[in-house]
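So the structure is just underneath, and the comments pick up after that.
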Amino acid sequence: MRIPIIAGNWKMHKTAAESAAFVKELASALAPYANVERVVCPTFVALAGVADALRGTGVMVGAQNVSAAESGAYTSQIAVGMLEGLAEYVIIGHSEVRQYLGETDAMINAKAKLLLAHGLKPIIACGESLEINQAGGTDAHVRGQIVAAFEGIAAAALPKVVVAYEPIWAIGTGLNASPEFAQQVIGSVIRGTLTSLYNAEAAAQVRIQYGGSVKPGNMAEYMSQPDIDGALVGGASLAVADFTTLVSIAAEVKGA
Ligand code: 13P
């Protein structure tokens with residue numbers, strides 16, 4: 001059975017001090033749900049404080065990006081080695097990073113391989129724009145993102161890889177994808193593509209999240225879908241009560 005994974009992507013919210021105080025409260029609220037992987041992804045400046053505050057709690061830390069270069073003269077960038085010991089997960093391929101920071105499929109693939117080589121786990125985000133969705137191009141677009149992201153990644157690494165399907169039109173808009181649509185893209189397109197790239201057994205080991213306006217009120221419907229293993233959550237991860245409710249629903253629906 002795939003272990004459910006709920007990750008909070010805080011984006012550009014919460015100072016270092018706010019983040020450290022927040023996770024102390026969050027960790028005790030999340031303590032009863034040890035069978036769900038619980039991850040918070042603060043900004044880089046808050047990573048060290050959050051990692052300290054969460055040590056021994058079972059709640060894990062994720063970073064929101066990493067450089068595709070292992071080291072070198074890259075002003076403003078964060079090297080993979082700098083994240084070791086601070087984070088277990090790193091989000092790559094987020095649509096906001098693709099859009100505002102020019103992250104390409106090739107960079108995402110390079111980052112995924114670099115993270116795995118350093119013992120860090122990528123959360124590879126993918127998803128289509130409203131225009132692509134309305135033109136009926138979702139499946140081809142997402143399939144292309146998955147093929148590019150996984151190029152050269154060995155089947156043995158797949159249990160360490162998480163994919164997050166986040167339709168861009170559903171992020172921060174309140175317009176969440178229907179659970180049936182999300183299941184179709186996640187099951188048929190993403191897991192289906194992984195099955196053709198590897199095999200069914202390997203594809204079954206990849207955990208795939210849905211993201212985009214996930215809230216306590218719609219979480220159970222997503223978790224009831226067979227191929228949806230968790231959620232990547234923006235807005236609703238910024239409040240202890242909401243995030244805890246999301247984790248508790250995942251635990252209940254998935255029987256974890
Ligand atoms: P919201 O949950 O705020 O829609 O954000 C989703 C997201 O982008 C998580 O990475």
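If you're wondering where the values come from, they're calculated on a predicted model, not measured in any experiment. Just follow the structure's listing: the first ligand is 1, and inside any ligand the first atom is 1.
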Between ligand 1 and [X], is the shortest N or O to N or O distance under 3.5 Å?
X: Leu232; result: no
X: Val233; result: no
X: Thr173; result: no
X: His94; result: yes

Verify whether one side chain among [X] and [Y] offers a donor that lies under 3.5 Å from an acceptor in the other.
X: Asn176; Y: Tyr222; answer: yes
X: Gln64; Y: His94; answer: no
X: Glu128; Y: Trp169; answer: yes
X: Asp227; Y: Gln183; answer: yes

What part of Asn9 sits under 4.0 Å from ligand 1 if we count only heavy atoms: the side chain, the backbone, both or neither? side chain
Under the criterion side-chain contact (heavy atoms from CB on, under 4.5 Å), which of Arg2, Lys121, Gln209, Glu37 is the partner of Val162?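 With Val162 as partner, Arg2, Lys121, Gln209, Glu37 yield a single side-chain contact (heavy atoms from CB on, under 4.5 Å), made by Gln209.
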Taking atom 3 (O) of ligand 1 as the reference point, the nearest protein heavy atom with its distance: Gly235 N, 2.9 Å
Within ligand 1, which atoms have a heavy atom of Ser213 less than 4.0 Å away? 1 (P), 2 (O), 4 (O)
I'd like to know whether ligand 1 has Gly211 as a neighbour, heavy-atom separation below 4.0 Å.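 Heavy atoms of Gly211 never come under 4.0 Å of ligand 1.
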Lys215 near ligand 1 by a heavy-atom separation under 4.0 Å: no
Out of Gln64, Lys11, Glu166, Gln209, the nearest non-hydrogen contact to atom 9 (C) of ligand 1 is supplied by Glu166
Measuring from atom 2 (O) of ligand 1, which candidate in Pro167, Ala236, Ala7, Gly234 has the nearest non-hydrogen atom?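 Residue with the shortest heavy-atom distance to the ligand atom: Gly234.
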Pair Ile153-Tyr198, side-chain contact (heavy atoms from CB on, under 4.5 Å): steps then yes or no: CA-CA 10 Å; Ile153 293 180; Tyr198 299 90; 3.7 Å; yes
Rounded distance (nearest 0.5 Å) linking atom CG of Leu194 with atom CD1 of Ile208: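 Interatomic distance, Leu194 CG to Ile208 CD1, rounded to 0.5 Å: 6.0 Å.
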Are Arg191 and Asp229 ion-paired here, with the side-chain N under 4.0 Å from a carboxylate O? yes
